[in-house]
Amino acid sequence: MRLVVVGAGGRMGRMLIRAAAQAEGCTLTGAIEREGADVLGQDAGVLAGLQPLGVPVTDDPLAAFAATDGVLDFTAPAATVFYAELAAQARIVHVVGTTGLSEDDLAKLRAAAYHARIVRSGNMSLGVNLVAELVRRVAASLGADFDIEILEMHHRHKVDAPSGTALLLGEAAAAGRGVDLAEARVSTRDGHTGARRPGDIGFATLRGGSVVGDHSVIFAGPSERITISHHAEDRALFASGAVKAALWAYPKPPGLYGMTDVLGL
Ligand SMILES: NC(=O)C1=CN([C@@H]2O[C@H](COP(=O)(O)OP(=O)(O)OC[C@H]3O[C@@H](n4cnc5c(N)ncnc54)[C@H](OP(=O)(O)O)[C@@H]3O)[C@@H](O)[C@H]2O)C=CC1
Ligand SMILES: O=C(O)C1=N[C@H](C(=O)O)C[C@H](O)C1
(Lines give C-alpha, C1' and ligand atoms only; values in the text may rest on other atoms or scores of the structure.)
(Ligands and ions follow the chains in the order given, each with its own letter.)
Protein backbone atom coordinates (compact mmCIF):
# COMPACT_ATOMS: atom_id res chain seq x y z
CA MET A 1 0.00 0.00 0.00
CA ARG A 2 1.36 3.45 -0.95
CA LEU A 3 1.12 5.98 1.90
CA VAL A 4 1.52 9.74 2.27
CA VAL A 5 2.18 11.45 5.61
CA VAL A 6 0.76 14.96 6.09
CA GLY A 7 2.11 17.18 8.84
CA ALA A 8 5.42 15.42 8.16
CA GLY A 9 7.51 17.73 10.34
CA GLY A 10 5.37 17.31 13.47
CA ARG A 11 6.01 15.08 16.50
CA MET A 12 3.64 12.45 15.11
CA GLY A 13 4.51 13.19 11.46
CA ARG A 14 8.08 11.98 11.96
CA MET A 15 6.86 8.84 13.78
CA LEU A 16 4.41 8.15 10.95
CA ILE A 17 7.17 8.42 8.33
CA ARG A 18 9.19 5.82 10.24
CA ALA A 19 6.19 3.52 10.65
CA ALA A 20 5.10 3.79 6.99
CA ALA A 21 8.65 3.29 5.70
CA GLN A 22 9.30 0.27 7.91
CA ALA A 23 5.94 -1.56 7.83
CA GLU A 24 5.67 -4.66 5.72
CA GLY A 25 3.44 -4.11 2.69
CA CYS A 26 3.76 -0.29 2.78
CA THR A 27 5.75 2.24 0.77
CA LEU A 28 6.06 5.90 1.68
CA THR A 29 5.25 7.88 -1.47
CA GLY A 30 4.87 11.40 -0.12
CA ALA A 31 5.45 13.71 2.83
CA ILE A 32 3.51 16.97 3.07
CA GLU A 33 3.95 20.07 5.18
CA ARG A 34 2.29 23.43 5.01
CA GLU A 35 3.48 26.20 2.67
CA GLY A 36 6.56 27.96 4.06
CA ALA A 37 7.46 25.20 6.58
CA ASP A 38 11.21 25.02 7.16
CA VAL A 39 11.33 21.24 6.49
CA LEU A 40 10.18 21.61 2.84
CA GLY A 41 12.67 19.99 0.45
CA GLN A 42 14.23 17.77 3.14
CA ASP A 43 14.29 14.02 2.57
CA ALA A 44 11.47 12.47 4.64
CA GLY A 45 13.68 9.59 5.79
CA VAL A 46 16.37 11.93 7.07
CA LEU A 47 13.72 14.08 8.77
CA ALA A 48 12.51 10.97 10.62
CA GLY A 49 16.02 9.84 11.60
CA LEU A 50 16.27 7.09 8.94
CA GLN A 51 18.42 6.61 5.84
CA PRO A 52 17.34 8.80 2.87
CA LEU A 53 14.13 7.46 1.29
CA GLY A 54 14.20 9.60 -1.87
CA VAL A 55 10.90 11.21 -0.80
CA PRO A 56 11.19 15.00 -0.42
CA VAL A 57 8.83 16.93 1.86
CA THR A 58 6.59 19.12 -0.34
CA ASP A 59 3.63 21.48 0.06
CA ASP A 60 1.72 19.90 -2.86
CA PRO A 61 -0.95 17.52 -1.47
CA LEU A 62 -2.85 17.38 -4.79
CA ALA A 63 0.06 15.69 -6.61
CA ALA A 64 0.80 13.40 -3.64
CA PHE A 65 -2.84 12.30 -3.16
CA ALA A 66 -3.21 11.54 -6.89
CA ALA A 67 -0.39 8.97 -6.68
CA THR A 68 -1.10 7.13 -3.43
CA ASP A 69 -3.52 4.72 -1.76
CA GLY A 70 -3.74 6.30 1.70
CA VAL A 71 -2.92 9.30 3.87
CA LEU A 72 -1.82 9.35 7.52
CA ASP A 73 -2.98 12.60 9.10
CA PHE A 74 -2.11 13.79 12.62
CA THR A 75 -2.19 17.55 12.07
CA ALA A 76 -4.79 20.14 13.11
CA PRO A 77 -8.61 20.31 12.63
CA ALA A 78 -8.71 22.77 9.68
CA ALA A 79 -5.97 20.84 7.87
CA THR A 80 -7.72 17.51 8.47
CA VAL A 81 -11.03 18.76 7.04
CA PHE A 82 -9.15 20.02 3.95
CA TYR A 83 -7.30 16.69 3.53
CA ALA A 84 -10.54 14.70 3.97
CA GLU A 85 -12.04 16.57 1.02
CA LEU A 86 -8.94 15.81 -1.08
CA ALA A 87 -8.98 12.14 0.01
CA ALA A 88 -12.64 11.92 -1.05
CA GLN A 89 -11.83 13.37 -4.49
CA ALA A 90 -8.95 10.89 -4.86
CA ARG A 91 -11.09 7.98 -3.48
CA ILE A 92 -8.32 6.90 -1.08
CA VAL A 93 -7.90 5.91 2.58
CA HIS A 94 -7.63 8.73 5.14
CA VAL A 95 -6.44 7.82 8.65
CA VAL A 96 -7.25 10.68 11.03
CA GLY A 97 -5.52 10.91 14.40
CA THR A 98 -6.07 14.66 14.75
CA THR A 99 -7.96 15.63 17.91
CA GLY A 100 -9.90 18.76 18.87
CA LEU A 101 -12.33 18.41 15.93
CA SER A 102 -15.61 20.35 16.31
CA GLU A 103 -19.08 18.96 15.53
CA ASP A 104 -18.94 20.93 12.27
CA ASP A 105 -15.56 19.36 11.38
CA LEU A 106 -16.97 15.89 12.13
CA ALA A 107 -19.95 16.55 9.85
CA LYS A 108 -17.50 17.40 7.05
CA LEU A 109 -15.60 14.15 7.70
CA ARG A 110 -18.88 12.21 7.52
CA ALA A 111 -19.60 13.86 4.14
CA ALA A 112 -16.10 13.03 2.85
CA ALA A 113 -16.61 9.42 3.94
CA TYR A 114 -19.17 8.93 1.15
CA HIS A 115 -16.15 8.63 -1.14
CA ALA A 116 -13.10 8.15 1.10
CA ARG A 117 -12.41 5.33 3.53
CA ILE A 118 -11.81 7.28 6.73
CA VAL A 119 -10.59 5.74 9.98
CA ARG A 120 -10.73 8.26 12.85
CA SER A 121 -9.88 7.75 16.51
CA GLY A 122 -8.75 9.97 19.36
CA ASN A 123 -6.29 7.21 20.17
CA MET A 124 -4.83 4.62 17.78
CA SER A 125 -3.42 2.29 20.46
CA LEU A 126 -4.78 -1.16 21.21
CA GLY A 127 -4.45 -0.51 24.96
CA VAL A 128 -6.65 2.59 25.07
CA ASN A 129 -9.34 1.00 22.93
CA LEU A 130 -9.38 -2.03 25.23
CA VAL A 131 -9.58 0.28 28.26
CA ALA A 132 -12.53 2.08 26.63
CA GLU A 133 -14.39 -1.20 26.32
CA LEU A 134 -13.62 -1.96 29.97
CA VAL A 135 -14.85 1.49 31.01
CA ARG A 136 -18.10 0.97 29.11
CA ARG A 137 -18.68 -2.32 30.95
CA VAL A 138 -17.77 -0.96 34.38
CA ALA A 139 -20.03 2.08 33.88
CA ALA A 140 -22.88 -0.23 32.85
CA SER A 141 -22.37 -2.42 35.94
CA LEU A 142 -22.07 0.26 38.60
CA GLY A 143 -25.00 2.23 39.96
CA ALA A 144 -25.52 5.99 39.82
CA ASP A 145 -23.89 6.32 43.28
CA PHE A 146 -20.50 5.93 41.56
CA ASP A 147 -19.26 9.29 40.26
CA ILE A 148 -17.21 9.18 37.05
CA GLU A 149 -14.18 11.48 36.68
CA ILE A 150 -11.60 11.38 33.87
CA LEU A 151 -8.08 12.68 34.42
CA GLU A 152 -5.53 13.20 31.66
CA MET A 153 -1.98 14.54 31.45
CA HIS A 154 0.01 15.45 28.33
CA HIS A 155 3.19 17.29 27.34
CA ARG A 156 3.39 21.07 27.47
CA HIS A 157 2.92 21.52 23.69
CA LYS A 158 -0.56 20.00 23.44
CA VAL A 159 -3.10 22.55 22.19
CA ASP A 160 -6.51 20.90 22.74
CA ALA A 161 -8.33 19.88 25.94
CA PRO A 162 -9.75 17.57 27.06
CA SER A 163 -7.66 15.17 24.99
CA GLY A 164 -9.26 13.12 22.24
CA THR A 165 -8.60 10.04 24.35
CA ALA A 166 -10.31 11.53 27.42
CA LEU A 167 -13.36 12.27 25.27
CA LEU A 168 -13.27 8.74 23.79
CA LEU A 169 -13.22 7.33 27.35
CA GLY A 170 -16.01 9.73 28.35
CA GLU A 171 -18.11 8.52 25.41
CA ALA A 172 -17.51 4.93 26.53
CA ALA A 173 -18.57 5.74 30.11
CA ALA A 174 -21.65 7.60 28.87
CA ALA A 175 -22.58 4.72 26.55
CA GLY A 176 -22.27 2.27 29.47
CA ARG A 177 -24.56 4.45 31.54
CA GLY A 178 -26.97 5.01 28.67
CA VAL A 179 -26.60 8.81 28.79
CA ASP A 180 -25.55 11.51 26.32
CA LEU A 181 -22.00 12.74 27.04
CA ALA A 182 -22.85 16.24 25.76
CA GLU A 183 -25.37 16.57 28.60
CA ALA A 184 -23.31 14.89 31.35
CA ARG A 185 -19.94 16.49 30.51
CA VAL A 186 -18.28 18.94 32.94
CA SER A 187 -14.88 20.13 31.72
CA THR A 188 -14.16 23.09 34.01
CA ARG A 189 -14.57 23.69 37.73
CA ASP A 190 -13.41 26.92 39.32
CA GLY A 191 -14.64 29.05 42.20
CA HIS A 192 -17.86 28.30 44.09
CA THR A 193 -19.11 25.48 41.87
CA GLY A 194 -21.73 24.05 44.23
CA ALA A 195 -21.92 20.34 44.99
CA ARG A 196 -21.32 17.80 42.26
CA ARG A 197 -24.45 17.23 40.16
CA PRO A 198 -25.48 13.53 40.20
CA GLY A 199 -24.68 11.86 36.88
CA ASP A 200 -22.03 14.36 35.79
CA ILE A 201 -18.98 12.97 33.97
CA GLY A 202 -16.08 15.23 34.95
CA PHE A 203 -12.87 15.94 33.02
CA ALA A 204 -9.63 17.25 34.51
CA THR A 205 -6.65 18.28 32.38
CA LEU A 206 -2.97 18.49 33.34
CA ARG A 207 -0.23 19.80 30.99
CA GLY A 208 3.52 19.69 31.50
CA GLY A 209 6.91 18.38 30.50
CA SER A 210 7.17 15.62 27.92
CA VAL A 211 4.34 13.30 29.02
CA VAL A 212 3.29 11.23 25.97
CA GLY A 213 -0.24 10.56 27.27
CA ASP A 214 -1.66 9.45 30.65
CA HIS A 215 -5.35 8.76 31.22
CA SER A 216 -7.33 7.54 34.24
CA VAL A 217 -11.03 6.93 34.60
CA ILE A 218 -12.09 7.05 38.25
CA PHE A 219 -15.32 5.52 39.51
CA ALA A 220 -15.77 7.02 42.99
CA GLY A 221 -18.42 5.26 45.09
CA PRO A 222 -19.70 5.73 48.64
CA SER A 223 -16.97 3.59 50.24
CA GLU A 224 -14.71 2.39 47.46
CA ARG A 225 -12.99 3.77 44.34
CA ILE A 226 -12.05 2.02 41.10
CA THR A 227 -9.39 3.56 38.85
CA ILE A 228 -8.64 2.30 35.35
CA SER A 229 -5.49 3.83 33.84
CA HIS A 230 -3.46 3.81 30.64
CA HIS A 231 0.03 5.24 30.19
CA ALA A 232 1.48 5.70 26.70
CA GLU A 233 5.27 5.53 26.79
CA ASP A 234 6.23 6.05 23.13
CA ARG A 235 4.47 7.83 20.23
CA ALA A 236 5.54 4.94 17.96
CA LEU A 237 2.54 3.16 19.49
CA PHE A 238 0.10 5.57 17.81
CA ALA A 239 2.00 5.51 14.50
CA SER A 240 1.95 1.73 14.20
CA GLY A 241 -1.79 1.80 15.03
CA ALA A 242 -2.31 4.32 12.22
CA VAL A 243 -0.49 2.14 9.67
CA LYS A 244 -2.50 -0.88 10.82
CA ALA A 245 -5.70 1.17 10.31
CA ALA A 246 -4.63 2.16 6.77
CA LEU A 247 -3.91 -1.45 5.78
CA TRP A 248 -7.23 -2.56 7.31
CA ALA A 249 -9.22 0.11 5.44
CA TYR A 250 -7.52 -0.40 2.06
CA PRO A 251 -9.92 -3.15 0.81
CA LYS A 252 -13.01 -1.69 2.56
CA PRO A 253 -15.84 0.30 0.95
CA PRO A 254 -16.07 4.08 1.59
CA GLY A 255 -17.25 4.96 5.10
CA LEU A 256 -16.28 6.40 8.46
CA TYR A 257 -14.67 3.78 10.66
CA GLY A 258 -13.08 3.72 14.13
CA MET A 259 -10.21 1.85 15.77
CA THR A 260 -12.68 -0.55 17.35
CA ASP A 261 -13.55 -1.69 13.79
CA VAL A 262 -9.85 -2.07 12.94
CA LEU A 263 -9.07 -3.99 16.14
CA GLY A 264 -12.26 -6.06 15.99
CA LEU A 265 -13.33 -4.99 19.51
N1 LIG B 1 -5.16 9.70 17.69
C2 LIG B 1 -3.96 9.45 18.24
O3 LIG B 1 -3.60 8.28 18.53
C4 LIG B 1 -3.02 10.59 18.46
C5 LIG B 1 -3.40 11.85 18.11
N6 LIG B 1 -2.54 12.89 18.21
C7 LIG B 1 -3.02 14.16 17.67
O8 LIG B 1 -2.30 14.46 16.47
C9 LIG B 1 -2.24 15.86 16.27
C10 LIG B 1 -0.81 16.29 16.05
O11 LIG B 1 -0.04 16.07 17.22
P12 LIG B 1 1.53 16.40 17.25
O13 LIG B 1 2.23 15.63 16.19
O14 LIG B 1 1.95 16.25 18.66
O15 LIG B 1 1.50 17.96 16.86
P16 LIG B 1 2.58 18.80 16.06
O17 LIG B 1 2.19 20.23 16.23
O18 LIG B 1 3.95 18.36 16.44
O19 LIG B 1 2.36 18.35 14.55
C20 LIG B 1 1.34 18.80 13.72
C21 LIG B 1 1.97 19.06 12.38
O22 LIG B 1 0.97 19.33 11.41
C23 LIG B 1 1.41 20.47 10.66
N24 LIG B 1 0.30 21.12 10.01
C25 LIG B 1 -0.62 21.94 10.52
N26 LIG B 1 -1.43 22.36 9.55
C27 LIG B 1 -0.99 21.78 8.39
C28 LIG B 1 -1.41 21.82 7.04
N29 LIG B 1 -2.43 22.55 6.64
N30 LIG B 1 -0.73 21.07 6.10
C31 LIG B 1 0.33 20.33 6.48
N32 LIG B 1 0.77 20.27 7.74
C33 LIG B 1 0.11 20.97 8.68
C34 LIG B 1 2.07 21.34 11.71
O35 LIG B 1 2.83 22.37 11.12
P36 LIG B 1 3.08 23.74 11.95
O37 LIG B 1 3.95 23.35 13.09
O38 LIG B 1 3.72 24.63 10.94
O39 LIG B 1 1.73 24.22 12.40
C40 LIG B 1 2.90 20.29 12.42
O41 LIG B 1 4.09 19.99 11.74
C42 LIG B 1 -2.90 16.47 17.52
O43 LIG B 1 -4.24 16.76 17.22
C44 LIG B 1 -2.80 15.36 18.56
O45 LIG B 1 -3.75 15.44 19.56
C46 LIG B 1 -1.27 12.74 18.68
C47 LIG B 1 -0.85 11.50 19.09
C48 LIG B 1 -1.70 10.32 19.02
O1 LIG C 1 -1.45 15.40 21.52
C2 LIG C 1 -0.97 14.29 21.90
O3 LIG C 1 0.22 14.16 22.15
C4 LIG C 1 -1.87 13.14 22.01
N5 LIG C 1 -3.08 13.27 21.58
C6 LIG C 1 -4.10 12.29 21.58
C7 LIG C 1 -5.25 12.77 22.45
O8 LIG C 1 -5.64 13.95 22.35
O9 LIG C 1 -5.78 11.97 23.22
C10 LIG C 1 -3.61 10.91 21.88
C11 LIG C 1 -2.44 10.82 22.81
O12 LIG C 1 -2.90 10.84 24.12
C13 LIG C 1 -1.36 11.85 22.55
Side-chain angles (χ1 to χ4, degrees), residues 4-19 30-40 42 44 47-48 57-62 64-65 71-87 94-102 105 118-129 131-132 150-172 203 205-217 229-246 258-260 262-263:
V4 165
V5 171
V6 293
R11 279 175 291 277
M12 278 306 300
R14 293 165 203 240
M15 289 289 169
L16 292 163
I17 291 170
R18 292 174 79 96
I32 303 296
E33 254 301 339
R34 62 156 110 228
E35 227 173 278
D38 54 8
V39 296
L40 291 178
Q42 278 191 41
L47 180 65
V57 180
T58 79
D59 59 3
D60 187 0
L62 275 182
F65 283 34
V71 175
L72 307 178
D73 175 356
F74 288 55
T75 56
T80 290
V81 167
F82 171 68
Y83 292 133
E85 282 158 12
L86 291 191
H94 186 197
V95 176
V96 176
T98 308
T99 57
L101 296 159
S102 66
D105 295 333
I118 300 182
V119 183
R120 183 189 79 86
S121 177
N123 197 301
M124 299 274 170
S125 80
L126 170 64
V128 157
N129 286 280
V131 163
I150 300 173
L151 175 65
E152 55 113 335
M153 181 162 188
H154 284 85
H155 54 95
R156 62 167 68 108
H157 303 289
K158 186 161 177 63
V159 294
D160 57 305
S163 69
T165 309
L167 292 170
L168 178 161
L169 295 169
E171 290 287 1
F203 290 82
T205 298
L206 305 179
R207 293 284 176 266
S210 57
V211 179
V212 173
D214 287 354
H215 294 89
S216 292
V217 182
S229 298
H230 180 272
H231 304 279
E233 293 174 352
D234 188 331
R235 287 187 180 85
L237 173 73
F238 310 128
S240 65
V243 170
K244 189 173 195 163
M259 264 329 256
T260 47
V262 175
L263 298 169

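Ligands are counted one by one from 1 in listed order, and the atoms in each one are counted from 1 as well.
Of the heavy atoms in Leu168, none comes closer than 4.0 Å to ligand 2. Neither the backbone nor the side chain of Met12 has a heavy atom within less than 4.0 Å of ligand 2.
When only interatomic distances are considered, the shortest N/O to N/O separation between Arg235 and ligand 2 does not fall below 3.5 Å. The distance criterion of under 3.5 Å between nitrogen or oxygen atoms is met by Arg11 with respect to ligand 1. No N or O atom of Thr98 sits closer than 3.5 Å to an N or O atom of ligand 1. Some N or O of Met12 is nearer than 3.5 Å to an N or O of ligand 1, by distance alone. Between Arg34 and ligand 1, at least one N/O pair is under 3.5 Å apart. Checked against a 3.5 angstrom limit, the closest N/O atoms of Ala76 and ligand 1 fall outside it. Considering backbone and side-chain atoms alike, Gly122 places an N or O below 3.5 Å from some N or O of ligand 1. At least one N/O-N/O distance between Gly10 and ligand 1 falls below 3.5 Å.
Annotation: atom 7 (C) of ligand 1 to nearest protein heavy atom, Gly97 O, 3.5 Å. Looking only at heavy atoms of the protein, atom 41 (O) of ligand 1 is closest to Glu33 OE2, 2.6 Å. Shortest contact from atom 44 (C) of ligand 1 to any protein heavy atom: Thr99 OG1, 3.6 Å. Protein heavy atom closest to atom 12 (O) of ligand 2, with residue, atom name and distance, is His154 NE2, 2.6 Å. The protein heavy-atom contact nearest to atom 7 (C) of ligand 2 is Gly164 N, 3.4 Å. Ranking protein heavy atoms by distance to atom 9 (C) of ligand 1, first place goes to Thr75 O, 3.4 Å. Thr165 OG1, 2.5 Å is the protein heavy atom nearest to atom 9 (O) of ligand 2.
Heavy-atom separations between Lys158 and ligand 1 include at least one value shorter than 4.0 Å. In this structure, Ala37 has no heavy atom closer than 4.0 Å to ligand 1. Using 4.0 Å as the threshold, Ser121 has a heavy atom nearer than that to some atom of ligand 1. Judged by the shortest distance from any of its heavy atoms, Phe82 lies outside the 4.0 Å radius around the atoms of ligand 1. At least one heavy atom of Asn123 sits less than 4.0 Å from an atom of ligand 1.
Taking 4.5 Å as the limit, every side-chain heavy atom of Thr165 sits out of range of all side-chain heavy atoms of Glu152. Thr75 places none of its side-chain heavy atoms less than 4.5 Å from the side chain of Arg34. Within the 4.5 Å cutoff, side-chain heavy atoms of Val39 are placed close to those of Arg14. Between Thr99 and Lys158, the closest side-chain pair of non-hydrogen atoms falls below 4.5 Å. Within the 4.5 Å cutoff, side-chain heavy atoms of Phe74 are placed close to those of Met124. Under the 4.5 Å side-chain criterion, counting only non-hydrogen atoms from C-beta, Phe238 is in contact with Val212. Taking 4.5 Å as the limit, some side-chain heavy atom of Arg120 sits within range of a side-chain heavy atom of Leu101.
In this structure, of Lys158, Met153, His157, the residue bringing a heavy atom nearest to atom 8 (O) of ligand 2 is Lys158. Nearest-heavy-atom check against atom 10 (C) of ligand 2 across Ser163, Gly213, Gly122, Gly97 picks out Gly122. Compare Ala245, Gly7, Ala79 by their heavy atoms: the one nearest to atom 29 (N) of ligand 1 is in Ala79. When Met124, His155, Glu152, Arg11 are checked for heavy-atom proximity to atom 2 (C) of ligand 2, His155 turns out nearest.
Between His94 and Ala87, the shortest heavy-atom contact is CB-CB, 3.8 Å. Ile17 and Ala48 get closest at one heavy-atom pair: CG2-CB, 3.6 Å.
Less than 4.0 angstrom separates some heavy atom of Gly9 from each of these atoms of ligand 1: 41 (O). Listed by number with element, the atoms of ligand 2 under 4.0 angstrom from any heavy atom of His215 are 12 (O).
Atom 37 (O) of ligand 1 is never approached by the protein to below 4.0 angstrom, counting heavy atoms only.
No side-chain donor from either of Ser163 and His154 sits under 3.5 Å from a side-chain acceptor of the other.
For the pair Asn129 (side chain) and Asn123 (backbone), a donor-acceptor distance under 3.5 Å is present.
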